[in-house]
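I have placed the structure first, in the form of structure tokens, so that the comments after it can refer back to it.
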Amino acid sequence: MTLATPGRVGRVADTPPGSTARRRSVRSRGALQGWLYASPTAVLVLVLFVVPLVLVVVMSGSDWSLLGGNQGTNFPENFSEVVAHRMFWPSVWFTLKYTVIATVLLIALGLGLALLVQESTRWRGFLRTAFLLPTALGLASASLLFYALYSPQVGPVSGWLERLGLGSGQVNVLGSAEGALWGTVFLIVWRFAGFYMLLLLVGLQGIPHEVYEAARIDGARTMQVFRRITLPLLKPSLALSTIMCVTGSILAFDQFYILTKGGPDGSTMTVVQLIYNLAFESKRDLGMAAALSVIVLLALVVVNVVQLKALRRSPEE
């Protein structure tokens with residue numbers, strides 16, 4: 001004979017008939033409401049990201065011209081032709097060079113500005129507004145503004161360089177490879193330094209003041225506090241800023257297309273510019289452009305995975 005446990009029998013007996021069905025119905029309605037709330041975003045992601053991504057992958061393995069359409073599959077050829085293209089490695093090298101320069105300058109200047117406006121001073125509000133003001137201007141508009149400033153005919157920069165002894169006559173800043181590079185870097189630093197200042201300022205304000213007070217009581221110097229406290233605790237914000245800066249630099253297009261169009265002599269050609277040229281100008285081959293797009297996407301995934309690992313490390317590590 002089997003004896004039932006009194007407590008279990010009591011719990012079963014206390015359960016009202018149909019309560020399990022009601023709970024399931026409530027869960028189903030909640031799940032349905034969640035899907036309804038998420039559906040607009042899901043549709044946008046599907047239409048604006050998933051479908052174009054699938055199309056690019058299909059095009060990368062197809063003989064797909066701009067005017068002739070899809071002529072069939074030629075999977076390895078597009079990738080091999082892209083790598084063998086005369087501008088592939090120069091554009092990769094220039095993009096990496098520009099990415100390193102822009103990232104170092106933007107992160108260093110953004111951190112310096114954040115430290116400057118962190119303290120509660122009389123001019124803190126004015127300085128924050130002044131540094132953030134260029135971020136309100138679109139990148140294309142800023143590029144057109146600097147294109148006019150660099151113009152040897154109407155821009156003031158040519159005259160300033162001549163007075164400083166850096167040239168004679170009408171100095172064309174964008175006429176040389178180094179001038180075009182540093183002129184564009186100056187534009188990017190002016191445009192985005194305030195944005196990275198804001199990101200790092202949020203990280204600085206998240207550091208507890210008690211940590212700094214304890215360090216001062218122990219007699220730590222300013223540089224010791226900066227190296228041993230500020231930088232380790234600011235690592236997540238620095239990693240996030242670096243991810244955004246590196247990704248934006250690798251995908252640089254607007255500023256170089258407006259200022260230099262890849263010149264002079266292709267010396268400022270970025271990989272995204274090369275994608276545009278392959279698709280719409282020189283080759284008009286959407287298959288090769290898609291193949292290069294896939295290569296850039298894979299490179300970005302690798303770079304971001306490495307940086308995300310650094311972002312997830314705790315300050316104690």
Side-chain angles (χ1 to χ4, degrees), residues 41 44-45 48-57 60 82 87-111 113-114 132 134-143 181-182 184-203 234-260 262 268-279 289-313:
T41 303
L44 287 176
V45 171
L48 300 179
F49 179 76
V50 177
V51 172
L53 179 61
V54 172
L55 181 60
V56 167
V57 173
S60 67
V82 163
M87 289 303 301
F88 176 77
W89 291 111
S91 66
V92 169
W93 165 246
F94 176 77
T95 302
L96 292 176
K97 180 180 177 181
Y98 167 75
T99 299
V100 171
I101 295 174
T103 301
V104 171
L105 291 179
L106 281 173
I107 299 301
L109 185 58
L111 179 58
L113 295 178
L132 278 173
T135 62
L137 192 63
L139 182 56
S141 301
S143 300
L181 170 61
W182 289 103
T184 307
V185 167
F186 184 79
L187 158 66
I188 293 301
V189 169
W190 175 83
R191 170 63 176 76
F192 288 101
F195 173 75
Y196 290 102
M197 175 203 73
L198 183 62
L199 288 180
L200 296 174
L201 180 62
V202 172
L234 197 61
K235 184 184 293 185
S237 297
L238 286 171
L240 176 61
S241 301
T242 304
I243 289 174
M244 298 181 65
C245 191
V246 169
T247 303
S249 300
I250 292 176
L251 299 178
F253 175 75
D254 299 37
Q255 59 270 35
F256 287 104
Y257 184 79
I258 294 175
L259 289 178
T260 67
T268 59
M269 179 74 68
T270 64
V271 289
V272 178
Q273 275 186 294
L274 183 57
I275 293 173
Y276 177 84
N277 288 347
L278 291 175
L292 183 54
S293 300
V294 172
I295 294 174
V296 174
L297 175 62
L298 294 176
L300 282 175
V301 169
V302 172
V303 171
N304 286 331
V305 165
V306 172
Q307 294 181 99
L308 281 174
K309 288 184 178 180
L311 176 64
R312 290 173 181 171
R313 291 177 182 171

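All values reported here derive from a predicted model rather than from experimental measurement.
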Check: Can you find a heavy atom in the side chain of Leu259 that is under 4.5 Å from one in the side chain of Leu187?
Finding: yes

Checklist line | Thr270 side, atom OG1; Met87 side, atom CE - distance, nearest 0.5 Å | finding: 9.5 Å

Note to self: Tell me whether Phe186 at atom CZ has more than 12 heavy atoms from other residues, nucleotides or ligands lying less than 6.0 Å away.
What the structure shows: no

Checklist line | Closest heavy-atom pair and its distance - Leu181, Ile101 | finding: CD2-CD1, 4.1 Å

Notebook entry, point to check: How far does CG of Leu234 sit from CG of Leu200, to the nearest 0.5 angstrom?
Noted result: 5.5 Å

Note to self: For the CD1 atom of Ile243 and the OG1 atom of Thr103, what is their distance to the nearest 0.5 Å?
What the structure shows: 11.5 Å

Next item on the list: Would you please name every residue forming a side-chain hydrogen bond (donor to acceptor under 3.5 Å, both in side chains) with Thr247, sequence neighbours left out?
Entry: Asn304

Next item on the list: Might you work through the side-chain contact (heavy atoms from CB on, under 4.5 Å) test for Leu297 and Leu53, ending with a clear yes or no?
Entry: CA-CA 10 Å; Leu297 175 62; Leu53 179 61; 3.6 Å; yes

Item checked: Contact list for residues 189-202, test salt bridge (Lys or Arg N to Asp or Glu O under 4.0 Å), sequence neighbours left out -> none

Notebook entry, point to check: Got a donor-acceptor contact below 3.5 angstrom from the Ser91 side chain to the Leu274 backbone?
Noted result: no

Next item on the list: Measure across Ala142 and Trp190 and return the closest heavy-atom pair with its distance rounded to 0.1 Å.
Entry: CB-CZ3, 4.1 Å

Item checked: Interatomic distance, Ile188 atom CD1 to Phe256 atom CZ [nearest 0.5 angstrom] -> 7.5 Å

Next item on the list: Identify the heavy atoms of Ser249 and Thr99 that sit nearest to each other, and give their distance.
Entry: CB-OG1, 3.5 Å

Checklist line | Side-chain donor/acceptor of Thr95 to backbone N/O of Val271, under 3.5 Å | finding: yes

Margin query: Please find the pair of heavy atoms, one from Cys245 and one from Ala102, that lie closest to each other, and give the distance.
Written below: SG-O, 4.0 Å

Next item on the list: Could you please spell out the steps behind the side-chain contact (heavy atoms from CB on, under 4.5 Å) verdict for Ile258 and Leu139?
Entry: CA-CA 10 Å; Ile258 294 175; Leu139 182 56; over 6 Å; no

Item checked: Spatial distance of atom OG (Ser141) from atom CG (Asp254) [nearest 0.5 Å] -> 10.0 Å

Margin query: Assess the residue pair Tyr98 and Gln255 against the criterion (side-chain contact (heavy atoms from CB on, under 4.5 Å)); give the C-alpha distance rounded to whole Å, side-chain angles, the decisive distance to 0.1 Å, and a yes or no.
Written below: CA-CA 12 Å; Tyr98 167 75; Gln255 59 270 35; 3.0 Å; yes

Next item on the list: Would you name the heavy atoms of Ile275 and Ala289 that are closest together and state the gap between them?
Entry: O-CB, 3.6 Å

Note to self: Parallel, tilted or perpendicular, judged at 30° and 60°: which one describes the rings of Phe195 and Phe192?
What the structure shows: perpendicular

Note to self: Parallel, tilted or perpendicular, judged at 30° and 60°: which one describes the rings of Tyr257 and Tyr276?
What the structure shows: perpendicular

Notebook entry, point to check: When rounded to the nearest 0.5 angstrom, what distance separates CE in Met197 from CG in Leu106?
Noted result: 13.0 Å

Next item on the list: Decide yes or no on side-chain contact (heavy atoms from CB on, under 4.5 Å) for Ser237 and Leu199, but give the supporting numbers first.
Entry: CA-CA 7 Å; Ser237 297; Leu199 288 180; over 6 Å; no

